[in-house]
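Atoms within a ligand are numbered from 1 in the order they appear, just like the ligands themselves.
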Amino acid sequence: MQFFLDSANVAEIQAAWEGGLIAGVTTNPSLVAKEGKDFHGLLKVIAGIVDGPISAEVLDTTAEGMTIEARLLARLSPNIVIKLPVTADGLRVARTLAAETPPIRTNVTLVFTPMQALLAARAGASYVSPFVGRLDDIGQDGLGLVDDICRVFERHSLSCQVIAASIRHPVHALKAALLGAHFATLPYAVLRQLLRHPLTDAGIEKFMADWRAAGRHTENA
Ligand code: G3P
């Protein structure tokens, strides 16, 4: 499993990318709206930082409107992946974009059932995004959904990749990895949480203290 950052914040994206933590970025209209910046301009800035997939979501809900938006977004950078809702119109657009030369990659989002995911894969989606946390929020099993989708895709040898989304804490990320999700997209705070452990910090402090106690200096001091 690889990590994406679920954010439209340039400072977070730069820190996560330069820190070697992520393979790409996912955005959604809520995350972009929070930044208060021009959408296409922001995507260009992100594409200048990240050399990996950058999911950008369409705002129209009709197939015609989504197709126009998708083509404009795809022109911004070869790294742009078009995020489409799992609706009849969204899947129609996924099929159209997959058939273009060269194909435009799509990330079908707001997936809450395994059959939505299978339909998206069959329509030609490159990625599907099951929302783990939002299912948990209504008392359903978000990670169970990731498990079902991974098993269906594996069973039928589908190349569509699974992005575990709406990840709220490190256990969600661990379980998604164990279940075989190809990616997990994480808010910056959760990504940072994955890296930290109090015993790692305490271990570094103790090594340094022992070194100093023996009267040693670091070579580059
Ligand atoms: O970007 C899609 C997804 O990750 C949203 O997460 O926390 O708003 O449910 P959340």
**Student:** Under 6.0 Å between ring centres, would you say that holds for Phe131 and Phe112?
**Tutor:**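 Distance test on ring centres: under 6.0 Å, yes.
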**Student:** Gly52 and Asn79: which non-hydrogen atoms are nearest, and at how many Å?
**Tutor:**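 Looking at all heavy atoms of both residues, the shortest contact is O-CB, 3.2 Å.
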**Student:** Above 12 or not: heavy atoms from other molecules or residues under 6.0 Å from CD of Glu154?
**Tutor:**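 Open: at most 12 neighbouring heavy atoms sit under 6.0 Å from CD of Glu154.
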**Student:** Check each N or O atom of ligand 1 against all protein N or O atoms and list the pairs under 3.5 Å, with atom names and distances to 0.1 Å, one per line.
**Tutor:**
unit_1	atom_1	unit_2	atom_2	d
ligand 1	1 (O)	Asp6	OD1	2.9
ligand 1	1 (O)	Asp6	OD2	3.1
ligand 1	1 (O)	Asn28	ND2	3.0
ligand 1	1 (O)	Lys83	NZ	3.4
ligand 1	4 (O)	Asp6	OD2	2.5
ligand 1	4 (O)	Ser166	N	2.8
ligand 1	7 (O)	Arg168	NE	3.1
ligand 1	8 (O)	Arg134	NH2	2.8
ligand 1	9 (O)	Arg134	NE	2.6
ligand 1	9 (O)	Ser166	OG	2.7
ligand 1	9 (O)	Arg168	NH2	2.9

**Student:** Below 4.0 angstrom, N of the basic side chain to O of the carboxylate: do Asp137 and Arg168 qualify?
**Tutor:** yes
**Student:** For Asn107 and Ser55, what are the C-alpha separation, side-chain angles and deciding distance, and is it a side-chain hydrogen bond (donor to acceptor under 3.5 Å, both in side chains)?
**Tutor:** CA-CA 7 Å; Asn107 171 0; Ser55 287; 3.1 Å; yes
**Student:** Side chains of Thr26 and Thr185: is there a donor and an acceptor less than 3.5 Å apart?
**Tutor:**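 Looking only at side-chain atoms, Thr185 and Thr26 do form a donor-acceptor pair, the distance falling under 3.5 Å.
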